[in-house]
There are 2 protein chains.
Amino acid sequence: MSLELTPVQTVACCSPLSREPLSESEAEGIVPLLKALGDPVRLRLMSLVASHEGGEACVCDLNDAFELSQPTISHHLKVLHEAGLLEREKRGVWVYYRARTDALSGLAALIGGQVQ
Amino acid sequence: MSLELTPVQTVACCSPLSREPLSESEAEGIVPLLKALGDPVRLRLMSLVASHEGGEACVCDLNDAFELSQPTISHHLKVLHEAGLLEREKRGVWVYYRARTDALSGLAALIGGQVQ
DNA sequence: CTTAAACATCGACAAGTGTAAATATTTACG
DNA sequence: CGTAAATATTTACACTTGTCGATGTTTAAG
């Protein structure tokens, strides 16, 4: 098995939280996703992108939704991208971000997975 | 409606992340849960308690699972408790924590809820 | 080539966070 | 009462993080 795991694999690797104790390394693989979502601006950015028409949004649209500087939004998008929650695609001068719904649903399954 | 929301209400208040953009206040209600889980020690603590027999665990059991000081574990448990993810019950000298599985599943539904 | 627009990176700083040592609190037991 | 054990609180400190201004990079249009 490769050491480089996609976000989907990272989340799929583990039993649900309530089934058996997470190992230290499992926890450290999941925490970056939770940290990335654990900021109000990033959570709203994630929701904005995920709910946007076509499943993607341009940075220019996202900047206008916040009263924050452009570098700050760019920083938050980078965090979400590096956590594997957003895909990044450049088209001309514009950059479009797309939500990794597989990563989201995988994380949800890990957190909320019931024993039966 | 009361201003003091239970964790379940906090999470149940909102549409799934991918359905429509989260408002600022909605995001700020959810972020504490994600921040609480966004630390490897707390995520493992949560998993330890949730997967423990009887659905609860004594602090004395939890301390032994980490090479961390007792005050540090106590601090992390407090964070999880104040986020509404752990219930706290004192019996004699011992304190038992119990996982709020409703809060976990509510959070999971918010993160992973698909449009269809 | 110049210029402008979209976005990213860098540098700096205030605020927040994880940790441990010391101490306090609560409970049980003689 | 006095002592010991389980847990919480306080204090302090190093480290991380969110933010912005300044600057860099890339692309398109004249």
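Chain identifiers are assigned alphabetically (A, B, ...) following the order of the sequence lines, protein sequences preceding nucleic acid strands; residue numbering begins at 1 within each chain. Because the structure is predicted, anything quoted here is derived from the model rather than measured.
The shortest heavy-atom contact between A:Leu37 and B:Val31 is O-CG2, 4.2 Å.
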Identify each atom pair where a protein N or O and an N or O of nucleotides 21-25 of chain C are less than 3.5 Å apart, giving names and distance.
none

Where do N or O atoms of nucleotides 24-30 of chain D meet protein N or O atoms at under 3.5 Å, pair by pair?
from, atom 1, to, atom 2, distance (Å)
D:dT26, O3', A:Lys90, NZ, 3.4

Nucleotide N/O of nucleotides 12-18 of chain D paired with protein N/O under 3.5 Å:
from, atom 1, to, atom 2, distance (Å)
D:dG18, OP1, A:Arg42, NH2, 2.9
D:dG18, OP2, A:Arg42, NH1, 3.3

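Note: CD1 (A:Ile73) to C1' (D:dC20) measures 12 Å, nearest angstrom. Taking atom NE2 of residue A:His81 and atom C1' of nucleotide C:dA8, one finds them 12 Å apart after rounding to whole Å.
One finds the CG atom of B:Leu62 at 7.5 Å from the SG atom of B:Cys60 (value rounded to the nearest 0.5 Å).
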> Passes side chain to side chain contact (heavy atoms under 4.5 Å, CB included), A:Leu48 versus B:Leu22? Steps please.
Replying inline: CA-CA 7 Å; A:Leu48 273 170; B:Leu22 245 49; over 6 Å; no
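Within the structure, side-chain hydrogen bond (donor to acceptor under 3.5 Å, both in side chains) contacts touching residues 29-55 of chain A (residues at least two apart or in different chains) are A:Arg42-A:His76. Among pairs with a residue in residues 56-67 of chain A, those fulfilling salt bridge (Lys or Arg N to Asp or Glu O under 4.0 Å) read A:Glu56-A:Arg91, A:Glu56-A:Arg98, at least two apart in sequence or across chains.
Residues B:Val95 and B:Cys58 have side chains not in contact (no heavy-atom distance under 4.5 Å, counting atoms from C-beta outward).
A heavy atom lying under 4.0 Å from DNA chain C marks none of the residues of residues 58-67 of chain B. Residues from residues 45-56 of chain B lying near DNA chain D, meaning a heavy-atom separation below 4.0 Å, are absent.
Residues B:Leu43 and B:Val41 fall within the same hydrophobic cluster, defined by Ile, Leu, Val, Met, Phe, Trp and Tyr side chains chained together at heavy-atom separations under 4.5 Å.
A:Tyr97 comes within contact range of the sugar-phosphate backbone alone, with a heavy-atom separation under 4.0 Å but no base atom that close. At a threshold of 4.0 angstrom between heavy atoms, the contacts of A:Leu68 are confined to the sugar-phosphate backbone, with no base atom among them.
Side-chain atoms of A:Thr72 never come within 3.5 Å of backbone atoms of A:Leu68 as a donor-acceptor pair (strictly under, hydrogens ignored).
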Below 3.5 Å, can you tabulate the donor-acceptor pairs from side chains in residues 77-86 of chain A to any protein atom, sequence neighbours excluded?
from, atom 1, to, atom 2, distance (Å)
A:His81, ND1, A:Leu86, O, 2.9

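For A:Ser23, the side chain to side chain contact (heavy atoms under 4.5 Å, CB included) partners two or more places apart in sequence, or in a different chain, are A:Ser25, A:Glu26. Scanning for side chain to side chain contact (heavy atoms under 4.5 Å, CB included) contacts around B:Ser74 gives B:Gln70, with sequence neighbours left out.
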